[in-house]
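See structure below.
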Amino acid sequence: MVRRKQPKHFKQSPPLLTDFSPPELWDSYRALYTRLLLPTQVKEQRAVAVAGVRPGAAHAVVCANLAAVASRSERVLLVDACLQTPQQHALFQVSNVHGFSEALLGRCEWAACVQKNARPGLDLLSAGAWTPDVAACFHTARVEALFEEARRSYGLVLVDTPPVCCSPDALLVGQSAAGVLLVVCKHRDRRTEVQESVAKLHGAQVPCLGSVLVREMRSRAPFCITNC
């Protein structure tokens, strides 16, 4: 990767990785991407859910940057399944008029809602407009069918889901994927909450593919991966 000189007005790195992000942050996400692909179920299903323990921005940022790194090696579809509190469209600064919600409700084909090349090699299926009816669709075969079709078109499908402790959606999506990557915030998520999240995954027979410990930083990068 060729690094250009950082502009003087660029005082703080944005949540998404850029050419101006610290090299160690790029290396952390590349290491995470490499380790994520090691389990056999990930190699076979090529779909992974990313969930936090409690509400916050960490899981969305980790999922977005993981998708950005993966897109340099293969074609990636990033799905925002946080239908009530979507963040991916804001991170990538794209529209959220139509997306995952409309596809689940059968109002349009999911492929027609995909926003191509949010970054080179990375397509985004934003959350779309939330309605009470869409929550019930997570319990139907429509979710599994959508991801099955997506896997045939993409090398990797990453799904940003609501926190495990607050919603069953991560469990339902995880059952249609290889499993769930759990994002834990240092000094914010309590040990008991992490244990409860892992227990919920095991209880639903959803593989926990590992955990990522992140911490907020007041310096150059808002998040730093300290453990994968």
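Of the inter-residue distances, the one linking Leu91 atom CG with His89 atom NE2 reads 9.0 Å to the nearest 0.5 angstrom. Annotation: the span from Glu74 atom CD to Tyr33 atom OH amounts to 3.5 Å, rounded to 0.5 Å. For the atom pair OG1 of Thr161 and CG of Leu171, the computed distance is 8.5 Å after rounding to the nearest 0.5 Å. With values rounded to the nearest 0.5 angstrom, Ser153 atom OG is found 9.5 Å from Asp123 atom CG. Leu146 CG to Cys113 SG: the interatomic distance, rounded to the nearest 0.5 Å, is 9.5 Å. With rounding to the nearest 0.5 Å, the separation of CG in Leu125 from CG in Leu78 is 8.5 Å.
Shortest non-hydrogen contact noted between Phe147 and Val157 is CD2-CG1, 4.3 Å. Smallest separation of non-hydrogen atoms from Pro207 and Ala178: CG-O, 3.5 Å. When every heavy atom of Ala68 is checked against every heavy atom of Leu122, the shortest pair comes out as N-CD1, 3.6 Å. Heavy-atom minimum distance, Pro162 versus Ala81: CD-O, 3.6 Å. Minimum interatomic distance between Trp130 and Leu83 (heavy atoms only, all atoms of both residues): CB-O, 3.3 Å.
With hydrogens and angles disregarded, a donor-acceptor distance shorter than 3.5 Å links the side chain of Arg151 to the backbone of Gln45. Put simply, the side chain of Asn65 gets close to the backbone of Pro15: a donor and an acceptor are under 3.5 Å apart. One N or O on the side chain of Trp26 and one on the backbone of Thr18 form a donor-acceptor pair closer than 3.5 Å. Side-chain atoms of Asp80 come within 3.5 Å of backbone N or O of Gln88 as a donor-acceptor pair. No donor-acceptor pair closer than 3.5 Å links the side chain of Glu109 to the backbone N or O of Ala103. Under a 3.5 Å cut-off, the side chain of Glu144 and the backbone N or O of Gln175 do not form any donor-acceptor pair. Looking only at distances, no side-chain donor or acceptor of Ser167 sits under 3.5 Å from a matching main-chain atom of Pro163. In this structure, Arg46 contributes its side chain and Gly155 its backbone to a donor-acceptor pair below 3.5 Å. The backbone N or O of Ala127 sits less than 3.5 Å from a side-chain atom of Asn96, completing a donor-acceptor pair.
No path of Ile, Leu, Val, Met, Phe, Trp and Tyr side chains, each step under 4.5 Å between heavy atoms, connects Val97 with Val114, placing them in separate hydrophobic clusters.
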**OP:** Would you please test Val143 and Cys137 for side-chain contact (heavy atoms from CB on, under 4.5 Å) and show each step?
**Re:** CA-CA 7 Å; Val143 173; Cys137 293; 5.7 Å; no
**OP:** Could you please spell out the steps behind the side chain to side chain donor-acceptor pair (under 3.5 Å) verdict for Tyr154 and Glu149?
**Re:** CA-CA 9 Å; Tyr154 294 89; Glu149 291 180 19; over 6 Å; no
Subject >> Intermediate values then yes/no, side-chain contact (heavy atoms from CB on, under 4.5 Å), Cys185 and Arg54 >> reply: CA-CA 9 Å; Cys185 288; Arg54 289 199 295 166; over 6 Å; no
Original post:
Under the side-chain contact (heavy atoms from CB on, under 4.5 Å) criterion, do Trp110 and Leu77 qualify, and how do the steps go?
Top reply: CA-CA 11 Å; Trp110 69 269; Leu77 176 65; 3.8 Å; yes
Subject >> CA sep, side-chain torsions, deciding dist, call: Leu124, Val94, side-chain contact (heavy atoms from CB on, under 4.5 Å) >> reply: CA-CA 9 Å; Leu124 173 63; Val94 298; 3.5 Å; yes
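No more than 12 heavy-atom neighbours from other residues, nucleotides or ligands sit within 6.0 angstrom of NE2 on His98. More than 12 heavy-atom neighbours from other residues, nucleotides or ligands sit within 6.0 angstrom of CD on Glu148. Within 6.0 Å of the CZ atom in Arg107, the count of heavy atoms belonging to other residues, nucleotides or ligands does not exceed 12.
Between Cys165 and Glu196 there is a side-chain heavy-atom pair separated by less than 4.5 Å. Within the 4.5 Å cutoff, the side chain of Ser71 has no heavy atoms near those of the Pro120 side chain. Within the 4.5 Å cutoff, no side-chain heavy atoms of Val164 are placed close to those of Val53. Contact check for Cys82 versus Gln87: no side-chain heavy atoms found under the 4.5 Å cut-off. Between Leu158 and Leu66, some side-chain heavy-atom pair lies under the 4.5 Å cut-off. Between Val48 and Leu209, the closest side-chain pair of non-hydrogen atoms falls below 4.5 Å. Counting only heavy atoms from C-beta outward, the side chains of Val184 and Val214 never approach each other to under 4.5 Å. Counting only heavy atoms from C-beta outward, the side chains of Leu182 and Val198 approach each other to under 4.5 Å.
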